[in-house]
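Numbered from 1 within each chain, the chains take letters A, B, ... in sequence-line order. Keep in mind it's a predicted model, so treat the numbers as computed, not measured.
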Protein chains: 2
Amino acid sequence: MTNKYKASTFICSEIEQKIATGAYKDGEKLNEADLADEFNVSRTPLREAFQILEGIGLVELIPNRGAFVRRPTMTRLVEMFEFMAELEAWCVKLATRRLTSAQQLYLKRAASDCEKALRAGKNDEYYEANNRLHGMIYQASGNAVLEEEAHRMHRRLRPFRRKQLDVTGRLEKSMQEHADILAAMDEGDEEKAADLMRKHIYTLGNTYDQYLAALEEVPADVIEL
Amino acid sequence: MTNKYKASTFICSEIEQKIATGAYKDGEKLNEADLADEFNVSRTPLREAFQILEGIGLVELIPNRGAFVRRPTMTRLVEMFEFMAELEAWCVKLATRRLTSAQQLYLKRAASDCEKALRAGKNDEYYEANNRLHGMIYQASGNAVLEEEAHRMHRRLRPFRRKQLDVTGRLEKSMQEHADILAAMDEGDEEKAADLMRKHIYTLGNTYDQYLAALEEVPADVIEL
DNA sequence: TTTTATGAGATTGTATATAATCTGTCTGAA
DNA sequence: TTCAGACAGATTATATACAATCTCATAAAA
C-alpha cells in the first residue's frame, strides 16, 4: 500500500466508490481472494473493509457465503435523503432552542465562508465550510446521539454526492436557504427553521429524481447541497 | 467454541453484556491477546467482534492503539431513548398515512398477543409480540431506510433493557399506550399517534432516570417497554 | 425422470507468523 | 533539571497457513 493509513480504510473507500459509480453491480459477489489480489493486500484487511462497508449498508455479509454488493436503488436513495432531511430538521429544531452565542457566531462565520468560497469558485472550500455549518447544527442540537447519527448518515450519502458541479444554480439557492435557516433560528422559530432545513436537504433528493428518474441505473453521484 | 455460530458473533454479545453490566469499565482498554486467551479463540475473530461493537457504539477503535470500552453514561442513555422515541414517532406518523388493511390487522393481532402474554405472565411471549408490533410499525412507515435505522437503534438499546421484570406496573401502562396509539392511527390522526408513541418510548428513559438517577454507575439494564 | 448422495474444488472462517507501530524508559546534551 | 533521541518491550496491522463450510456437478437409486 502506498497509503500510510490502514489498508482497510483505503480499500473501503475504493470499493465504496466502485459501488457508487456502478463499477460493481448490485447483487454482485465480491470475492475475497480476487480483490485481495487486485489491491495487493492479504485477505485480512479486505475482510475488515467488508465489515465497514456492511455498516454503511453498501455490502451484505452472509456467513460462509461471502460479501454481496448492495447498491441503493433510486427509491432507496430518495429514502436516504428523506431520512437525512428529517434528522437535520430535528437537529435544527433542538439547536434553535439551545444555541449558545458562541455557536451562533460559528454558524454565521461558516455561512459567510460558504458564500466567499462560492463567489471565488472554490468548490473544495465551499464543501468544507458547508460541512462545518451542518456539523455545528448537529452539535448544537445538544443530543450527542443525534449528532453522531447525523454524521453517520451524512457519511453514508457521501459517495452519492458530487462535489464539483453546480447544476442549475443549485449552490446559489443553497446559499439563500442557509441564510433563511439561520434567520429563522435567530428569530427562535424552531418549526420554521426545521421546515426550511427539511426542504433544504430533501430538495437534493427531488432534484436528483427530477433529473434522473428516466435512467435505469442509479448514476454515480449527486450534486452537493 | 462450543457454539456453532461465527465466533465473532458470540464474542460480540459476550463483551456487549460485560460492558452493559459494568464488568468492563468505561474507558478500559480491551487487550486483544488477553481476551483471545479468555475466549479461547485467536485474535482474528476478536478483532471482528471489536469492529461490530464499534458499530454499536460500545467500543472505540483507535488505529494502532486498540479497542477502548465506551459505556454509555446516564445522559447518553437518555439521549439514545430520546432518539429512539423520535424515530418511532416518525414511523408511526408515516404508517398512519400509509397503513394497509392487512398491516392494520397484523398490528391488532400483535397488540392482542401482547395482552394475552401479559395476562398469562409469559414475559418471553410479551417480548416477542411487542417486537412484532413495533417492527410492523417500522415497516408500515414505507421508508425502508427509516425501518432499518429503527431496528438498528432498537438493537443498540437491547443490552440495556430487562426482559424479566415489570417495575411499577409499567407493562400494564404500556398495554394501554399501545391501544391508544393504534386507536389514533385508526382515526388517521397522525400527529396524535406520533405524539403518543414518542411518549411511550421516552417514558422508558424517564422511568429509568427516576429510579436510578441517584446511582453513580449506569446499571445493567432497563425494563422492557 | 426425479431425487438424493457424494465428493472435489472453491470459498470463507480461524489460527498463527511476521511486520509495523506505539509506549515508556533511559541516556546524554543543553 | 529538562528535553530530544534511541532502544526494548508490548501491541496492533497484515500476511500466510490451516480448518470448516459451501457449491455444484456427477452419479446412483427410486
Requested in this report: Ignoring the backbone of A/Arg47, work out which of D/dC22, C/dA15, C/dG13 is nearest its side chain.
Outcome: C/dG13
Report summary line: Ranking B/Asp34 and B/Thr44 by the position along DNA chain D of their nearest nucleotide, the one closer to 5' is B/Asp34
Report task. Please determine if B/Arg70 and B/Glu60 form a salt bridge, counting it only when a charged side-chain N lies under 4.0 Å from a carboxylate O. Result -> no
Query raised in the report: Which whole-number value in Å describes the distance from A/Asn40 CG to D/dA13 P?
Result: 21 Å
Query - Proximal nucleotide (of D/dT14, C/dT14, C/dT12) relative to the A/Ala7 side chain - result: D/dT14
Query - Spacing between A/Ile11 atom CD1 and D/dA15 atom C1', to the nearest angstrom - result: 12 Å
Requested in this report: Using only side-chain N and O atoms of B/Lys29, determine if any of them is under 4.0 Å from OP1 or OP2 of D/dA10.
Outcome: no
Query raised in the report: A/Lys6 has an atom NZ; how far is it from atom C1' of D/dT12, in whole Å?
Result: 9 Å
Report task. For A/Ile52 and D/dA13, give me the distance from atom CD1 to atom C1', rounded to whole Å. Result -> 13 Å
Report task. Output the single nucleotide from D/dT11, D/dT14, D/dT21 whose closest atom is nearest the side chain of A/Glu48. Result -> D/dT14
**Report entry** Side-chain ion pair, B/Arg71 and B/Glu28, N-O less than 4.0 Å
**Finding:** no
Requested in this report: Find the distance A/Asn64:CG to D/dT21:C1' and express it as a whole number of Å.
Outcome: 5 Å
**Report entry** Pairing of A/Glu14 and A/Lys18 as salt bridge, 4.0 angstrom limit
**Finding:** no
Requested in this report: Rounded off to whole Å, could you give me the CD1-to-P distance for the B/Ile62 and D/dA13 pair?
Outcome: 11 Å
Report task. Please determine, for the side chain of A/Arg65, which listed nucleotide (D/dT23, D/dA13, D/dT12) has the closest atom? Result -> D/dT23
Query raised in the report: Across the strands shown, which category fits A/Arg43 at heavy-atom distances under 4.0 angstrom: base, sugar-phosphate, nothing?
Result: base
Query raised in the report: What's the closest nucleotide to the A/Ser42 side chain, out of C/dT16, D/dT12, D/dT14?
Result: D/dT14
Report task. Check every atom of C/dT11, C/dT14, C/dC22 against the side chain of A/Asn31 and return the nucleotide holding the closest atom. Result -> C/dT11
Report summary line: Rounded to whole Å, the CZ-P distance (A/Phe39 to D/dT14) equals 14 Å
Query raised in the report: Nearest of C/dG13, D/dT12, D/dT14 to any side-chain atom of B/Glu32?
Result: D/dT12
Requested in this report: Report the distance from atom CD of A/Glu28 to atom P of C/dT11, rounded to the nearest whole Å.
Outcome: 14 Å
Query raised in the report: Do B/His134 and B/His151 have ring centroids that are under 6.0 Å from one another?
Result: no
Query raised in the report: Does a side-chain N-to-carboxylate-O contact under 4.0 Å join B/Glu79 and B/Arg76?
Result: no
